[in-house]
Amino acid sequence: PGKKVLIVYAHQEPKSFNGSLLRIAVEELTKQGCIVTVSDLYAMHFEPRATRNDIVGHMHNSKEFNYGVETWEAYKRGGLSTDLVEEQRKVQEADLLIFQFPLFWFSMPAILKGWMDRVLVQGFAYDLTKSYDGGLLQGKSSLFSFTTGGTKEMYSKGGIGGDIRYVLWPMQHGIMHFCGVKVLEPHICYAPENVSEEKRKEMLTAWTQRLKTLWKEEPINCSPEWYFK
């Protein structure tokens, strides 16, 4: 009770299956006494591009623009754009980060990748000497909840898409674990568009049930073996 949850949501249509998963998470977690914040990226018209506009005031090096260096310096002096400051505040306050999205091309939608690129800057989320288990966002957990176009069989080791865990490596390990965030087992709804209405209802029920005991879950073993064994 009293836990803070940030759901970063990337789908254009509230009536979508992803929209239903979002609603269930907000309702169930709120019922548990959690304080739930949603960053609805499309509704916010969130800017996915990492540009000079992310820095307010003077540049560290006005002759040659280096996004990583400039955002790091801007973060230290409080010179990041207001939209980034706001998202960083939400991340900072959260005990749990849930990312809700449809899988696009074996990855997250561009608007969500842009959120990762722009919000998780050096100095805030990691430092060159403070990454992985030493990342700056320790004490938080994350959960990737997403839908796929392909079936579970297609995303198996022997399937055409290979093990879904390979797809999760850059997202869970390369971003979350890198920033020191613990990673919970992903929640994957396979091909909701291609199953019966009854099966979709079952998927939604399974998500509701999982959320009821979410706080008791242990994070996955954040090692290459989990992804590639």
### Task
Assess whether side chain to side chain contact (heavy atoms under 4.5 Å, CB included) is satisfied between Leu103 and Val167, documenting all intermediate values.
CA-CA 10 Å; Leu103 198 68; Val167 173; 4.0 Å; yes

#### Entry: Under 4.5 Å side-chain linkage, directly or through intermediates, the cluster mates of Ile160
Met154

### Message
Quick test of your reading of the model: are Glu93 and Arg89 salt-bridged, counting only N-O distances below 4.0 Å?
### Response
yes

### Task
Please answer whether the main-chain N or O of Lys216 pairs with a side-chain N or O of Thr213 as donor and acceptor at a distance below 3.5 Å.
no

### Task
Before giving the answer on side chain to side chain donor-acceptor pair (under 3.5 Å), spell out for Ser81 and Asp83 the whole-Å C-alpha distance, their side-chain angles and the decisive distance to 0.1 Å.
CA-CA 6 Å; Ser81 59; Asp83 58 337; 2.6 Å; yes

### Message
Tell me if the aromatic rings of Tyr155 and Tyr166 count as close, with their centers under 6.0 Å from one another.
### Response
no

### Task
Could you check whether the rings of Trp169 and Tyr227 sit parallel, tilted or perpendicular, using 30° and 60° as the cut-offs?
perpendicular

### Message
Walk me through whether Gln92 and Gln88 qualify under side chain to side chain donor-acceptor pair (under 3.5 Å).
### Response
CA-CA 6 Å; Gln92 197 70 64; Gln88 287 175 347; over 6 Å; no

### Query
With distance as the sole test, does Lys3 use its side chain to make a donor-acceptor pair with the main-chain N or O of Leu29 at under 3.5 Å?
no

### Task
Would you check if Leu168 and Phe146 make a side-chain contact, meaning some heavy-atom pair closer than 4.5 Å?
yes

### Query
Would you say Asp95's side chain and Lys4's backbone share a donor-acceptor pair under 3.5 angstrom?
yes

### Message
Out of the candidates Leu41, Val38, Asp40, only one should pair with Val8 under the side-chain contact (heavy atoms from CB on, under 4.5 Å) rule; please name it.
### Response
Leu41

### Task
Can you label the angle between the Phe65 ring and the Tyr67 ring as parallel, tilted or perpendicular, going by 30° and 60°?
perpendicular

### Message
With ring-ring contact (aromatic ring centres under 6.0 Å, His included) as the rule and sequence neighbours excluded, what pairs involving residues 184-222 come up?
### Response
His187-Trp207

### Query
Is Arg200 salt-bridged to Glu197, going by a charged N under 4.0 Å from an acidic O?
yes

### Query
Taking ILVMFWY side chains as joined if any heavy atoms are under 4.5 angstrom apart, and letting links pass through other members, which residues group with Trp105?
none

### Query
Salt-bridged, Arg52 to Glu70, with N to O below 4.0 Å?
no

### Task
Please confirm whether the backbone N or O of Ser145 pairs with a side-chain atom of Gln100, one donor and one acceptor, at under 3.5 Å?
yes

